[in-house]
Structures are given as structure tokens and as C-alpha cells.
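Worksheet: the structure to be examined is printed underneath.
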Amino acid sequence: MTRKLAFLTGVAAIVLFWSLAARANLPAILPGPLAVLKALGQLLGDPGFWSGTLGPSLGRATGGLALAFAIGAPLGLAGWRWPVVSALLAPLRLILMGLPAPVLAILCILWFDGSTTTTILTVAALLVPVFQIAVAEGMSAIEPQLEEMARLFDVPPIRRLHRIILPALWTALGPALRIAVANAIRVTLLTELLSGAEGLGAAVQRAQSWLQTDRLFALVLVILALIGLAEIALAVLIREKKRP
């Protein structure tokens, strides 16, 4: 209860500071909370926003996340099983982890056509190392003695997977998913913003170009809500997985 109260107090403090700062500035520079809430209501009440703006962005983020897992998880397993594979992939992993997201997004836009495929590939390229490392670390966390005991007592493979492998794998994969989901949304918006592909990124660019600052802040609230909801859902999932 104390943590919830502290959280609500923090939110109230931000809103209060925001209101005071908005009074000292023009609405085109810093709109007040009520103006932003009104713009947010208009956004959420527009069916075109859900189908033409929010939907495409969520689809690209999900597609990039799924592709990153489909590539990164097998690479992580291979690197865990054969260390030479991990060493072979280390240079590429370091490049992808060190390359700034805007640079990779610009390169993908130049190499491709700035379409949905470009956004999905950009998200996947940046998140593949996250899943590769998480899966390798999760598999390395399996207790050798426990695995040997399972073999000795001839535990069925499915039971070994459920009781030994998956819990160890989840210790690293769960937190990695929380990071990956938030970054998938951020990179999707960045790539849309740079490429002009229709979605939340393009909507942010239009709001900024037309000085619709209240709409811009409303879009920011939508983005923060998406990341927050994803965080809450994954936190609940991780908590459930930890229960015996």
C-alpha cells in the first residue's frame, strides 16, 4: 500500500509541476494537462487512430519482436551448446549492440523501401542479441547436478523440460522480455518517424510539424501507456512463473 501511495504521490507531483509550468508558457510550447487530456480523448474516440495509426505500429513492433526471438533463441541455444558458435557470432553481436538505433534505422531505410518490412527488420536486428544472450545465460543456469540426477532416474524429457529447463531459462528470459518489449515499441516509433511510414511515429511527426503540441503530448501519453501496460503484463507473468 505504501508503494502505491508513493507512486500516486509521484504522479500528482508531476501533474502539479506540469500545470504550473504550462501557465508560464504558451500553449503551443507547453499545453496544460486538461488540454492534453482533451486531445487524448479526441484521439481515442477516432476509429481511424486505432486502425490507421496504433494498429500498424503495434503490428510492426510485434512482428519485429517475434522475428528477433525466432532468430535469437536458436542462436542462444547453439552458442550455449557449442561455445565456438558463440565466439563466431560475438563480433556481429557486438556490432548490433553498439550500433545506435537511429543509425541502424537510417541504414535499413536506405537499403529497403521504408515500408513495414523495414521497421520489422530494424526492430529484429536490435533485439536479436537480447534474446541470444538471455537464452544462453538461462541454459547456463541449469544446475548440472540436477540435470544429471534427472538422467540417472530416467525422468521423462517433457517433465525435465517443465521442471528443470524452463524455470532456469525463464530466470534470464523474463527480464529480457521486459526490456525487449519496451525497446520494440521505441524502435518502431523511431523508424516510422524517420521513414514516414504511417503509424505512431508519423503521427508524432505531423503533430510536431503542425505545432499541435497538445496532440503531440497526447501521443506521448499513448506511447507511455503502451510501454506501461506491457511492463505490468510481463511483471505479472514473471511473478506467476516464479510461483511453485
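Throughout, residue positions are numbered sequentially from 1 according to the sequence presented.
- Of all heavy-atom pairs spanning Pro102 and Leu194, the tightest one is O-CD1, 4.0 Å.
- Trp80 places no side-chain N or O within 3.5 Å of a backbone atom of Ser86 that could act as its donor or acceptor partner.
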- Could you walk me through whether Glu192 and Ser57 pass the side-chain hydrogen bond (donor to acceptor under 3.5 Å, both in side chains) check? CA-CA 8 Å; Glu192 291 173 349; Ser57 293; 2.9 Å; yes
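- Under the 4.0 Å criterion applied to side-chain N and carboxylate O atoms, Glu198 and Arg206 are assigned as salt-bridge partners.
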- Item | Verdict with supporting geometry, Thr188 and Arg60, side-chain hydrogen bond (donor to acceptor under 3.5 Å, both in side chains) | CA-CA 7 Å; Thr188 295; Arg60 292 171 188 136; over 6 Å; no
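- In this structure, the side chain of Asn183 engages the main chain of Ile179 through a donor-acceptor pair within 3.5 Å.
- Heavy-atom minimum distance, Leu177 versus Leu234: O-CD1, 3.6 Å.
- Across all their heavy atoms, Ala22 and Gly32 have their closest contact at CB-CA, 3.7 Å.
- Under the 4.5 Å side-chain heavy-atom criterion for grouping Ile, Leu, Val, Met, Phe, Trp and Tyr, Leu96 is not connected to Leu127 through any hydrophobic cluster.
- Side-chain contact check for Phe131 versus Ile71: every heavy-atom pair is 4.5 Å or farther apart.
- Judged purely by atom type and a 3.5 angstrom limit, Ser51 uses its side chain to pair as donor or acceptor with the backbone of Pro47.
- Linking Ile, Leu, Val, Met, Phe, Trp and Tyr whenever their side-chain heavy atoms come within less than 4.5 Å leaves Ile133 and Leu104 in two separate clusters.
- Closest heavy-atom contact between Leu193 and Gly201: CD1-O, 3.2 Å.
- The shortest side-chain heavy-atom distance between Leu189 and Val204 does not fall under the 4.5 Å cut-off.
- Under the 4.5 Å side-chain heavy-atom criterion for ILVMFWY residues, a single connected hydrophobic cluster contains both Leu58 and Ile227.
- In this structure the side chain of Trp18 reaches within 4.5 angstrom of the side chain of Leu30, judged on heavy atoms.
- By the criterion of side-chain heavy atoms lying less than 4.5 angstrom apart, applied directly or through intervening Ile, Leu, Val, Met, Phe, Trp or Tyr residues, Trp50 is grouped together with Leu43 in one hydrophobic cluster.
- Across all non-hydrogen atoms, the minimal contact from Gly138 to Ala172 is N-CB, 3.8 Å.
- Under the 4.5 Å side-chain heavy-atom criterion for grouping Ile, Leu, Val, Met, Phe, Trp and Tyr, Val130 is connected to Val103 within one hydrophobic cluster.
- Smallest separation of non-hydrogen atoms from Thr213 and Ile29: CG2-O, 3.7 Å.
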